[in-house]
Amino acid sequence: MEFLCYHRDRPDSGALREDLLEEHWSYMDQYAKEMIARGPTFAGDGATLTGSVHIVDLPDAVAARAFAFDEPNYQAGAYRDVLLRRWRNTLGRTMWEFPGGPSDGNRYLVLGLGAGQAADLTVPADRDELIAYGPLLSDNGETWLGTAALVRAPDPDAARAILTPDRYADVEVHIWQFGGRR
């Protein structure tokens, strides 16, 4: 089962996250084989950390909750909240298989939080700009809760445009970059 986990930072938690960087990476190393995508999000300045995204393939919701809540930054109080949802890898690949590579162009996390009938279940036509794409689902995998994507785009508005307008209660766009050990 695939899950999207988005840990959102508490304000001014950057120093704590920096202190725990090796612990965070060591923790994530345990999930290297299960990792579909990972990386930090940033404020509009492109430098201030705002969160950490991990898309992982785990056995069940219990394992996903353990992954999210045993994470060292979460345990130390660096995060203000956690979005944890089932997710479906509609591209069938990891971020490391993205043909655009890890650093060419601007990258974004796009979260469309669902309202009503499911939308954007089909992969958009411009697949070459998608790093990861799929629906957010309930724990049982049956109810559509939104859509999540990692995308290369010229700007936040272009990233937002991959989702159908007016089909979401809210759409968030965050600057994102490939994560992991340098």
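When a residue number appears, it is its place in the shown sequence, counting from 1.
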N/O donor-acceptor pair under 3.5 Å between Trp144 side chain and Gly114 backbone = no
Is the backbone N or O of Val123 less than 3.5 Å from a side-chain atom of Thr90, with the two atoms forming a donor-acceptor pair by type?
-> no
Just wondering, do Arg8 and Arg80 contact through their side chains at under 4.5 Å, heavy atoms?
-> yes
Counting only N and O atoms by type, is there a donor-acceptor contact under 3.5 Å from the side chain of Arg10 to the main-chain atoms of Gly77?
-> yes
Group every Ile, Leu, Val, Met, Phe, Trp and Tyr by side-chain heavy-atom contacts under 4.5 Å, then state whether Phe98 and Val53 land in the same group.
-> yes
Taking the side chain from Asp57 and the backbone from Glu34, do they hold a donor-acceptor pair closer than 3.5 Å?
-> no
How far apart are the closest heavy atoms of Leu4 and Ala148, and which atoms are they?
-> CD1-CB, 3.7 Å
Side chains of Phe42 and Leu49: closer than 4.5 Å at any heavy-atom pair?
-> yes
Do Asp139 and Arg65 have side chains that get closer than 4.5 Å, going by heavy atoms?
-> yes
Nearest-0.5 Å distance, CZ of residue Arg86 to CG of residue Asp60 | 9.5 Å
Do the two ring centres, one from Tyr6 and one from His174, sit under 6.0 Å apart?
-> yes
Nearest heavy-atom neighbours spanning Leu84 and Cys5 = CD1-CB, 3.9 Å
Answer yes or no: is there a donor N or O on one side and an acceptor on the other, between the side chain of Glu71 and the main chain of Ala68, under 3.5 Å?
-> no
Side-chain touch Ser52/His24, heavy atoms, less than 4.5 angstrom | yes
Counting N and O atoms only, with roles assigned by atom type, does the side chain of Arg160 sit under 3.5 Å from a partner on the main chain of Val171, one being a donor and the other an acceptor?
-> yes
Is the closest side-chain heavy-atom distance between Glu172 and Leu113 below 4.5 Å?
-> yes
Test applied, side-chain contact (heavy atoms from CB on, under 4.5 Å); reference residue, Val151; option that passes from Ile131, Leu109, Ile162 | Ile162
Any side-chain heavy atom of Pro124 sitting closer than 4.5 Å to one from Asp126?
-> no
Measure the acute angle between the ring planes of Tyr74 and Phe69, then classify it against the limits of 30° and 60° as parallel, tilted or perpendicular.
-> perpendicular
Aromatic rings Phe67 and Tyr31: how do their planes relate, parallel, tilted or perpendicular, breaks at 30° and 60°?
-> perpendicular
Considering only NZ, NE, NH1 and NH2 on the basic side and carboxylate oxygens on the acidic side, decide whether Arg17 and Asp9 come within less than 4.0 Å.
-> yes
Does some side-chain heavy atom of Asn73 sit less than 4.5 Å from a side-chain heavy atom of Tyr27?
-> no
